[in-house]
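Bear in mind the structure is a predicted one, so any value in this text is a computation, not a measurement.
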Amino acid sequence: MSFFENTRKPVGFGGKIMVAMMNLGHSPVARWGLHFLELTLDAKVLDCGCGGGANMKRLLKKCPQGVVKGIDYSPVSVGKSKKVNEAAIVEGRCTALQGSVADMMFADNWFDAVTAFETVYFWPDLPQCFREVPGGTFLICNESNGDTDKDEKWTEIIGGMTIYKDAELKMYLEQAGFHDVQIHKKKSWLCITARK
């Protein structure tokens, strides 16, 4: 397994390094994407593919009386998310769970918003995973939008990675019952919001 495979599912020591790097490296695109997500102070948010927990921490700041839950299928990611958000977990405002986006067992309409930062590239059977997303506003934020030649390099280096164009994501979202799909682009970045 190459080091870059840890972007898909961090494991072992290399995974711990990758999760720390992603927390830093993805900060600019995440901060940009969060501008398109309106949250009340007491919002309940689910972060799918929560990685190292940096975005959970940002979401907790955006809704200081709310609850943020994270789900990731990598034990390394869940461990880092718990460490980064330890204080909020102790307060009962945050939880990081190990699980798959392909089989989420969350009640519909419990969450006000669901986020996916730099992760839908790796979701199996994307239309089915989108159907698993509980209701509310869904925010997808990707550093790669499929419009540049650089994107192909990443899909060759990282097995199981698919970089989707905005039109593909919009189609899959609408097939899964989402509406009011809004597309935002900046450089090679892509942010999509939709409602279910």
Side-chain angles (χ1 to χ4, degrees), residues 6-10 15-101 103-123 129-130 132-143 178 180 182 184 186 189-196:
N6 280 297
T7 57
R8 183 167 43 92
K9 187 175 185 182
K16 289 179 180 179
I17 292 170
M18 180 60 76
V19 167
M21 287 171 56
M22 289 190 297
N23 272 358
L24 291 173
H26 295 161
S27 287
V29 71
R31 283 195 301 271
W32 170 75
L34 279 171
H35 285 107
F36 302 105
L37 184 63
E38 293 180 26
L39 295 174
T40 59
L41 295 178
D42 62 349
K44 294 185 280 260
V45 186
L46 173 64
D47 187 25
C48 295
C50 61
N55 290 316
M56 293 172 68
K57 190 170 191 115
R58 287 183 187 95
L59 289 162
L60 284 159
K61 281 185 183 170
K62 269 186 86 102
C63 50
Q65 296 151 26
V67 173
V68 175
K69 296 186 181 205
I71 182 172
D72 202 293
Y73 69 170
S74 162
V76 169
S77 293
V78 172
K80 180 69 171 179
S81 288
K82 287 180 177 178
K83 191 173 181 182
V84 166
N85 295 289
E86 190 173 3
I89 290 169
V90 170
E91 292 170 9
R93 295 185 51 230
C94 185
T95 310
L97 306 164
Q98 188 177 347
S100 172
V101 294
D103 186 27
M104 291 191 274
M105 302 304 247
F106 298 108
D108 278 345
N109 303 318
W110 194 83
F111 292 103
D112 300 299
V114 179
T115 59
F117 294 92
E118 287 288 287
T119 180
V120 297
Y121 313 122
F122 309 112
W123 291 14
C129 287
F130 282 173
E132 287 289 315
V133 172
T137 299
F138 184 28
L139 172 118
I140 298 169
C141 192
N142 290 344
E143 216 165 30
F178 286 91
D180 194 21
Q182 304 288 315
H184 310 276
K186 178 182 176 181
W189 298 350
L190 172 64
C191 180
I192 297 181
T193 56
R195 293 199 52 77
K196 193 178 194 181

- Using the ring of Tyr73 (Phe, Tyr or Trp, six-membered ring only), decide whether Lys9 places NZ or CZ under 6.0 Å from its centre and within 45 degrees of its axis. yes

- Query: Taking side chain as C-beta onward, heavy atoms only, is Trp110 less than 4.5 Å from Leu46?
  - Reply: no

- Around Lys62, counting heavy atoms of other residues, nucleotides and ligands shown, do more than 12 lie under 6.0 Å from its NZ? yes

- Geometric class of the Phe138/Trp123 ring pair [parallel <30°, tilted 30-60°, perpendicular >60°]: parallel

- What's the spacing between Met104 CE and Lys69 NZ if we round to 0.5 Å? 13.0 Å

- If the plane angle is over 60° it's perpendicular, under 30° parallel, otherwise tilted; pick one for Phe106 and Phe111. perpendicular

For residues 52-61, which side-chain donor-acceptor pairs fall under 3.5 Å, sequence neighbours excluded?
unit_1	atom_1	unit_2	atom_2	d
Asn55	OD1	Arg58	NH1	2.7
Lys57	NZ	Val84	O	3.3
Arg58	NH2	Ser27	OG	2.5

- Item | Side-chain donor or acceptor of Glu118 paired with backbone N/O of Glu143 under 3.5 Å | yes

- Side-chain donor or acceptor of Arg93 paired with backbone N/O of Gly66 under 3.5 Å: yes

- Backbone N/O of Val78 and side chain of Asp72: donor-acceptor pair under 3.5 Å: no

- Answer yes or no: are there more than 12 heavy-atom neighbours, outside Glu38 itself, under 6.0 Å from its atom CD? no

- Query: Taking the side chain as C-beta and beyond, is there a heavy-atom pair between Phe117 and His26 under 4.5 Å?
  - Reply: no

- Message: Rounded to the nearest 0.5 Å, what separates atom CG in Leu139 from atom CD1 in Ile192?
- Response: 9.5 Å

- Query: Which value, rounded to the nearest 0.5 Å, describes the distance between Asp108 atom CG and Glu132 atom CD?
  - Reply: 9.5 Å

- For Ser77 and Pro10, which heavy atoms make the closest approach, and how far apart are they? OG-CG, 3.5 Å

- Query: Can you check whether Phe130 reaches Lys196 side chain to side chain, under 4.5 Å on heavy atoms?
  - Reply: no

- Query: Does the side chain of Met22 reach to within under 4.5 Å of the side chain of Val19, using non-hydrogen atoms?
  - Reply: yes

- Message: Would you say CD of Gln182 has more than 12 non-hydrogen atoms from neighbouring residues, nucleotides or ligands within 6.0 angstrom?
- Response: yes

- Interatomic spacing from SG in Cys141 to CG in Leu34 - rounded to 0.5 Å: 7.0 Å

- Measure the NE2-SG distance between His35 and Cys191 for me, rounded to the nearest 0.5 Å. 11.0 Å

- Message: With heavy-atom distances below 4.5 Å as the criterion, would you say the side chains of Val45 and Asp47 are in contact?
- Response: no

- Give, for atom OG of Ser81 and atom CG of Asn23, the distance between the pair rounded to the nearest 0.5 Å. 7.5 Å

- Message: Tell me the closest heavy-atom pair linking Val101 and Cys48, and the distance in Å.
- Response: CG1-CB, 3.9 Å

